[in-house]
**Student:** 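Submitted below is the structure of interest, expressed as structure tokens.
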Amino acid sequence: MRITIKKALISGVILLQFVTLTTLLVSSYVSNQRSFNSHAHKLMIDYADNIINNSKRFLDTAEATTLLSSELLSADVLSIDRPEDLSLYFFQQLKQSPHISGIYFANTQGTFVHVQREQGFKDPLFSRKFIVFDNKDVLTSSQLFTHDNIFTQLSVKNIQQESYDPRDRIWFNKALDNGALSWTDPYVFFSSRKPGITSSMPVYDKDNKLIGVVGVDVSLATISSFFDNLDLGENSTAFVTNRLGEIIAYPDQKIIQDTASESLRFPRINEINNPIALTAWQALQEETQLFSTGSTATAVAFSFGNNKYHGLFKEFTHHEWPWIIAIYMPEQFFLSELITNQKLNILFGLVISIFACLTSFFFINHITDSLRKIKTIAENIRCGQFIKTNITESSFIELQQTQYAFNNMIDSLIASRKENEQLHLMLEKTNVETITRLGLAAEYKNDSSPNHIRRVSRYCELIGLNMGMSKDKAKELCAAAKLHDLGKIGIPEQVLSKPAALTMQEWIMMKTAPVIGAKILQDAESTTLQLAHNLVLTLHEHWDGSGYPNQLQHNDIPLSARIVAVVDTFDTMIHPRCYKKAIPIEVAITQIHTLSGSKFDPNVVAAFDHCLMDILNVYKQLSPSVEVSQLPRRCG
């Protein structure tokens with residue numbers, strides 16, 4: 001029994017509605033769990049965004065301080081030549097921005113002013129370092145000052161063995177390499193021996209000459225202290241890691257240690273004695289979303305001990321660091337009231353899903369057989385293969401009728417293709433004939449020998465093929481070449497037919513022929529007429545640039561015009577005109593060679609020589625009055 005697709009779909013929708021309603025009524029926990037999971041995910045997203053926004057605030061303030069300091073130094077409002085004023089300004093910036101640990105400036109000679117916040121003291125304390133180099137890069141002095149909370153100087157110390165040269169530091173060179181505001185990778189600050197990052201920027205004077213580099217330090221401890229103050233509940237933690245699993249910031253700042261050298265060592269997750277964090281990271285490795293699809297956040301679920309956890313890893317999208325904010329929380333925090341019914345609901349939902357899948361498969365199996373056949377027919381049509389296929393019996397009336405419709409469509413397409421091919425051949429023939437008649441009109445006006453345009457067009461086709469043109473392009477050139485003298489339609493007949501030499505005024509009038517022909521053909525949509533337009537306009541340009549109307553030279557002249565120029569001259573020389581007699585073919589060939597490199601493209605002349613026998617055969621065919629004895633021996 002055959003049924004319609006409409007009935008099948010209605011039955012399927014009723015069945016799916018029944019299954020959906022049953023699922024919603026019997027396993028309400030599933031929807032509730034999704035809601036709570038969404039709430040958990042949103043909560044962790046909010047925590048992550050809060051962390052990122054605070055970190056961004058720290059970094060944006062450091063950037064703003066760097067930019068402001070650079071502008072003041074560029075405008076000479078501040079100067080390293082006035083170190084006391086510069087130091088006071090740096091101190092004021094540190095007072096306004098507690099999360100900035102240091103700010104400094106070094107000029108190109110190495111002279112350096114640095115003010116930083118000292119940690120570990122009961123009362124706020126600041127240090128100031130002033131290093132001076134002379135013009136020969138020789139250290140002249142290095143002093144270390146201490147200041148209280150109002151920048152009153154407390155002590156001063158002269159450093160005899162100063163090893164610090166700011167021009168060798170990461171922040172100085174990165175700013176110069178980028179030529180703009182730049183951030184360093186995390187490293188150990190020279191003075192405080194604490195890990196951090198630096199925003200630095202080159203400073204230029206009003207003449208755009210480099211003065212030096214200004215830098216602003218942000219300690220990683222600032223971000224870590226923010227984590228320490230977060231209240232995420234018991235067995236919950238948030239921290240910053242990179243894609244290698246190295247800890248950048250952590251509530252317990254002591255886990256981030258620096259080595260004896262200036263390189264910074266980040267502990268890996270498996271070194272911080274936090275097995276839950278390690279399990280969360282391992283769960284992330286099984287997720288490819290964050291790393292392969294460009295998503296900025298990935299949620300994971302994992303188990304540790306007897307508890308299930310939810311975690312979130314969100315990319316730190318500010319600036320250029322591939323950092324990740326990591327947060328994990330126990331599931332009991334969100335779903336404690338629903339966990340007892342979870343197994344039953346999952347089992348019930350699984351049974352319903354299997355039933356729905358089996359039912360859907362029954363209907364899909366019948367539909368897809370016919371659809372595959374229809375797809376095959378459609379693919380054949382797309383590939384231009386109009387192949388009719390056998391009709392497959394189907395339980396669905398519409399599918400079988402569609403197969404019949406496709407076969408009927410193939411019959412129509414085959415008929416249309418034949419009709420289009422005939423129309424195309426007719427249009428092509430009409431196009432060629434129209435161009436030929438237009439060329440004959442110009443030949444009629446001009447005092448040229450009979451069949452001149454036919455011979456020239458055939459010569460062009462031979463040379464075009466010899467120079468690597470495709471058959472279609474050579475045919476197109478053959479057609480366009482018939483219009484090469486079209487512009488002479490606009491020249492007075494008394495000038496064209498004058499048996500004597502032209503006067504200067506008459507010669508100037510003759511030189512307008514290319515422009516007249518080009519105007520007749522301008523804005524043509526046909527590719528052949530577009531080719532003819534360019535050919536007509538540049539036919540009288542010479543290889544050495546001495547031609548007209550635009551004195552083009554070499555490859556600026558279209559190849560089609562360069563080919564027509566040679567064969568048109570050749571055919572004109574060997575036929576009589578009102579103002580001259582015909583010259584022997586061998587003499588004409590010699591003159592073509594003589595003009596190679598001046599009037600003619602040497603490559604076209606070489607192709608002309610290679611095709612000469614075929615050219616002379618065309619000449620013999622389209623010049624009935626010529627006798628074989630008149631041809632060169634090579635053409636006899």
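Heads up: numbering here begins at 1 and tracks the sequence.
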**Student:** State whether a side-chain donor-acceptor pair under 3.5 Å links Gln93 with Ser69.
**Tutor:** no

**Student:** Please list, chain by chain and in numerical order, all residues satisfying ring-ring contact (aromatic ring centres under 6.0 Å, His included) with His540, sequence neighbours excluded.
**Tutor:** Tyr548

**Student:** Name the orientation class of the two ring planes belonging to Tyr250 and Phe239 (parallel below 30°, tilted from 30 to 60°, perpendicular beyond 60°).
**Tutor:** tilted

**Student:** Are Met469 and Leu559 side-chain neighbours, meaning at least one heavy-atom pair lies under 4.5 Å?
**Tutor:** yes

**Student:** List the residues meeting side-chain hydrogen bond (donor to acceptor under 3.5 Å, both in side chains) with Ser74, not counting sequence neighbours, and say none if there are none.
**Tutor:** none

**Student:** Less than 3.5 Å apart, any donor N or O on the side chain of Ser199 or Thr66 sitting next to an acceptor on the other?
**Tutor:** yes

**Student:** Would you compute the distance between atom OG1 of Thr184 and atom CZ of Phe189 and round it to the nearest 0.5 angstrom?
**Tutor:** 7.0 Å

**Student:** Please enumerate all residues that pass ring-ring contact (aromatic ring centres under 6.0 Å, His included) together with His99, with sequence neighbours excluded.
**Tutor:** Phe58

**Student:** For Val536 and Ala518, work out which heavy atoms get closest and say how close.
**Tutor:** CG1-N, 3.8 Å

**Student:** To the nearest 0.5 angstrom, please state how far the CD atom of Gln116 sits from the CG atom of Leu125.
**Tutor:** 10.0 Å

**Student:** Mind checking side chain to side chain contact (heavy atoms under 4.5 Å, CB included) for Leu278 and listing every partner two or more places apart, or none if nothing turns up?
**Tutor:** Ile269, Asn270, Gln282

**Student:** Can you list every ring-ring contact (aromatic ring centres under 6.0 Å, His included) pair that touches residues 67-92, not counting sequence neighbours?
**Tutor:** Phe91-Phe126, Phe91-Phe151

**Student:** Of the non-hydrogen atoms in Ser70 and Pro202, which two are nearest, and what is the gap between them?
**Tutor:** OG-O, 3.7 Å

**Student:** Mind listing the closest non-hydrogen atom pair of Ile197 and Asp185 along with its distance?
**Tutor:** CG2-C, 4.1 Å

**Student:** Suppose we screen for ring-ring contact (aromatic ring centres under 6.0 Å, His included). Which residues come up paired with Phe105, at least two apart in sequence or across chains?
**Tutor:** none

**Student:** side-chain hydrogen bond (donor to acceptor under 3.5 Å, both in side chains): which pairs involve residues 597-607, sequence neighbours left out?
**Tutor:** Arg562-Asp601

**Student:** Consider only side-chain N and O atoms of Asp544 and Ser546, and report whether a donor and an acceptor are under 3.5 Å apart.
**Tutor:** yes

**Student:** Any side-chain heavy atom of Phe112 sitting closer than 4.5 Å to one from Phe133?
**Tutor:** no

**Student:** Can you pull out every salt bridge (charged side-chain N to carboxylate O under 4.0 Å, His left out) where at least one residue sits in residues 125-145? Sequence neighbours excluded, please.
**Tutor:** Glu84-Arg128, Lys129-Glu162, Asp137-Arg167

**Student:** Kindly write out the residues that satisfy side chain to side chain contact (heavy atoms under 4.5 Å, CB included) with Thr146, not counting sequence neighbours, or none if the list is empty.
**Tutor:** Leu154, Ser155

**Student:** The criterion is side chain to side chain contact (heavy atoms under 4.5 Å, CB included); which residues satisfy it with Ser163, sequence neighbours excluded?
**Tutor:** Phe190

**Student:** Give the minimum heavy-atom separation between Ile276 and Tyr328, together with the two atoms involved.
**Tutor:** CG2-CE1, 3.2 Å

**Student:** Give the C-alpha distance, both sets of side-chain angles, the deciding distance and a yes or no for side chain to side chain contact (heavy atoms under 4.5 Å, CB included) between Thr65 and Ile103.
**Tutor:** CA-CA 9 Å; Thr65 302; Ile103 179 170; 3.6 Å; yes

**Student:** Can you name the residues that form a side chain to side chain contact (heavy atoms under 4.5 Å, CB included) with Pro549, not counting sequence neighbours?
**Tutor:** Pro514, Val515, Leu537, Glu541

**Student:** With distance as the sole criterion, is a donor-acceptor pair present between the side chains of Gln551 and Gln553 under 3.5 Å?
**Tutor:** no

**Student:** Do Lys95 and Asn149 pass the side chain to side chain contact (heavy atoms under 4.5 Å, CB included) test, and can you show the C-alpha distance, the side-chain angles, and the key distance before you say yes or no?
**Tutor:** CA-CA 9 Å; Lys95 288 278 288 183; Asn149 193 38; 2.8 Å; yes

**Student:** Taking only residues two or more places apart in sequence or in another chain, which ones pass ring-ring contact (aromatic ring centres under 6.0 Å, His included) with Phe130?
**Tutor:** none

